[in-house]
Protein chains: 2
Amino acid sequence: MGVNDRKEREKEELRALILAAAVEVFLQKGFDNTSIRAIADKIEYSPTTIYLYFKDKAALFHAIHQEGFKLMFHHFGPLQQVADHFERLLLQGRYYLDFAFQNPELYDLMFLQPGTMEALPEDLEWMEGNAAFASLVQNVQACIDARIIWAESAEVLAFTIWASIHGIASLQIQKRCNKVISEHLKPHIATLAFEQVNLMLKSYRIDKASKA
Amino acid sequence: MGVNDRKEREKEELRALILAAAVEVFLQKGFDNTSIRAIADKIEYSPTTIYLYFKDKAALFHAIHQEGFKLMFHHFGPLQQVADHFERLLLQGRYYLDFAFQNPELYDLMFLQPGTMEALPEDLEWMEGNAAFASLVQNVQACIDARIIWAESAEVLAFTIWASIHGIASLQIQKRCNKVISEHLKPHIATLAFEQVNLMLKSYRIDKASKA
DNA sequence: CAAACGTACTGAACACTGTTCAACAAAACA
DNA sequence: TGTTTTGTTGAACAGTGTTCAGTACGTTTG
């Protein structure tokens, strides 16, 4: 049955085409101004066609949000080469912030838009988010096991770390930073953020002096 | 001219009526489902009338956001009675999180929705946010001056504190918490958040042992 | 008191949005 | 060749923010 194979391939291709166009429009015009009709126009198909490949607009945005996570995991790739546990944890924080600052619209969709969570397919788990958080917990646990840092619960500490870094990213992306911070500090927000991450993580570090 | 006075009073009253209805619909139906027509229906006026009192939907939401800040400042009221600088700073963190958890929709509008910032009247300053941040900076500065905590810059530390707490509030309100945190931790998110605030603030405290 | 004015208000319309459904054309199969 | 399946779409529905010409009423003036 070579015919069915080809048809399935073509279906996959059109789905990918729609998704690519959706990402493009989304990154160009932002969340609120991304309409089904605009996406359809871009690929020269009828708006109705999109509904044959995605249940509704929420499902389409969920697919975009998945692309965002793919990109983020790709961004995290180099971490696997870092052997030192604490260094790896530090870097993950930096890479996370890097990703947020470099892809504000995607970060918004992944971690800020509430709709993205409400539209999880069939109320299943948030796989992408869980995977990302699990990798953070794992890195924290490695530090605890190696007695580099101390914490009662790796999960709680990981959540704390995540919240702090996310807070900076969120304030920046949702434009609360620039309205509040002094003019002379604005160019250094990214630097400040990194220093903050370092400082926070190091405050959990077991003091080597107290060991001796 | 008693007539003009009365007219101005009536105009003010209708504006207040529209705003109250807008807040009510907003708190009931959420940001996305608050339509001009729904607000107009509630007060039995034509949708067109609303545009005689508010330039557009963004201006109306800006007014709601102002109401939110009024409520928050009211929430902060008891702080003025707290004489101990460090205790006051701690409490401000708790009250801020309290406010966020108790008024998620308002917090969303005030600190998360990007539209709220883009629609500042005539690109002026973000007065409400600036005032709130200034009060935090002031409390931090008081702690620094009293040599309770150490920091190079009160503003930078205030920003760091704000970002951390906002991060927790943001993850909670935008529903990323419940999807990622273990089942047994969920009932304690608020508690965890408070402990996190305490821990973070205390890590900046000047160690009394090192003084001696 | 009656006519003119000013203004608070509105109905209808425009251009958009997401979404659905009956209709159609073309490809696949018999 | 005739039938069925499949991919695609135009038109429509209900909703959105917003505008503008028009109305109706309270106030001021002649």
Side-chain angles (χ1 to χ4, degrees), chain A residues 1-19 21-23 25-26 28-65 109 113-116 118-119 121, chain B residues 1-19 21-23 25-26 28-65 109 113-116 118-119 121:
Chain A
M1 274 311 210
V3 176
N4 278 350
D5 286 5
R6 196 203 68 214
K7 284 205 170 182
E8 213 162 301
R9 213 169 50 235
E10 284 175 353
K11 220 171 149 70
E12 201 73 27
E13 276 170 18
L14 185 45
R15 204 198 105 103
L17 186 66
I18 293 172
L19 183 51
V23 170
V25 174
F26 170 70
Q28 210 171 74
K29 307 212 176 189
F31 184 82
D32 288 328
N33 298 317
T34 301
S35 72
I36 300 283
R37 282 176 174 83
I39 297 166
D41 274 358
K42 178 159 286 246
I43 54 173
E44 296 181 301
Y45 273 82
S46 148
T48 320
T49 303
I50 293 177
Y51 286 87
L52 298 173
Y53 293 83
F54 296 92
K55 184 178 151 284
D56 54 16
K57 202 188 181 185
L60 181 53
F61 273 109
H62 181 77
I64 301 178
H65 134 282
L109 189 61
Q113 290 288 348
T116 309
E118 287 159 16
Chain B
M1 275 311 209
V3 176
N4 278 350
D5 286 7
R6 197 203 64 213
K7 285 204 171 180
E8 211 163 301
R9 212 169 51 235
E10 284 175 353
K11 221 172 148 71
E12 200 74 27
E13 276 171 18
L14 185 45
R15 203 198 108 103
L17 186 66
I18 293 172
L19 183 51
V23 170
V25 174
F26 170 71
Q28 213 172 73
K29 307 211 175 190
F31 184 82
D32 287 328
N33 298 317
T34 301
S35 71
I36 300 283
R37 282 176 174 83
I39 298 166
D41 273 358
K42 180 160 286 248
I43 53 173
E44 296 180 300
Y45 273 83
S46 149
T48 319
T49 303
I50 293 178
Y51 286 87
L52 299 173
Y53 294 83
F54 296 93
K55 183 178 151 284
D56 54 17
K57 204 187 180 187
L60 181 52
F61 272 82
H62 182 77
I64 300 178
H65 135 282
L109 189 61
Q113 290 288 349
T116 309
E118 286 158 18

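Every chain is numbered from 1, with letters handed out A, B, ... down the list of sequences.
To the nearest 0.5 angstrom, Y51(B) atom OH is 4.0 Å from I36(B) atom CD1. In this structure, CG on L19(A) lies 5.0 Å from CZ on F54(A), to the nearest 0.5 angstrom. Taking OG1 from T49(A) and CG from L17(A), the interatomic distance works out to 11.0 Å, rounded to the nearest 0.5 Å. I18(B) contributes atom CD1, which lies 8.0 Å from atom OH of Y45(B) (distance to the nearest 0.5 angstrom). With values rounded to the nearest 0.5 angstrom, R15(A) atom CZ is found 13.0 Å from L52(A) atom CG. Distance check: S35(B) OG to D41(B) CG gives 7.5 Å after rounding to the nearest 0.5 Å.
Counting to the nearest Å, the P atom of dA15(C) and the CG atom of N33(A) are 19 Å from each other. R15(A) has its CZ atom 15 Å from the P atom of dT8(D), to the nearest Å. Taking atom CD1 on I36(A) and atom P on dT20(C), their separation rounds to 11 Å, with Å as the unit. The distance from atom CZ of R9(B) to atom P of dA8(C) is 15 Å, rounded to the nearest whole Å. In this structure, E10(B) places its CD atom 11 Å from P of dG26(D), rounding to the nearest Å. One atom, NZ of K11(B), and another, P of dG6(C), lie 17 Å apart when rounded to the nearest Å. Separating the CD1 atom of I50(B) from the P atom of dG17(D) is a distance of 9 Å, rounded to the nearest angstrom. Going from atom CG of L14(B) over to atom P of dT7(C) covers 17 Å, rounded to whole Å.
Sorted by residue number, the members of residues 37-48 of chain A with any non-hydrogen atom under 4.0 Å from DNA chain C read R37(A), T48(A). A heavy atom lying under 4.0 Å from DNA chain D marks the following residues of residues 51-63 of chain A, by number: L52(A), Y53(A).
Between the side chain of H62(A) and the main chain of A59(A), no donor-acceptor pair closer than 3.5 Å is present.
In E10(B), the CD atom is crowded: over 12 heavy atoms of neighbouring residues, nucleotides or ligands sit closer than 6.0 Å.
T49(B) comes within 4.0 angstrom of a nucleotide base, judged by non-hydrogen atoms across all strands.
I64(A) approaches F26(A) most closely through the heavy-atom pair CG2-CD2, 4.1 Å.
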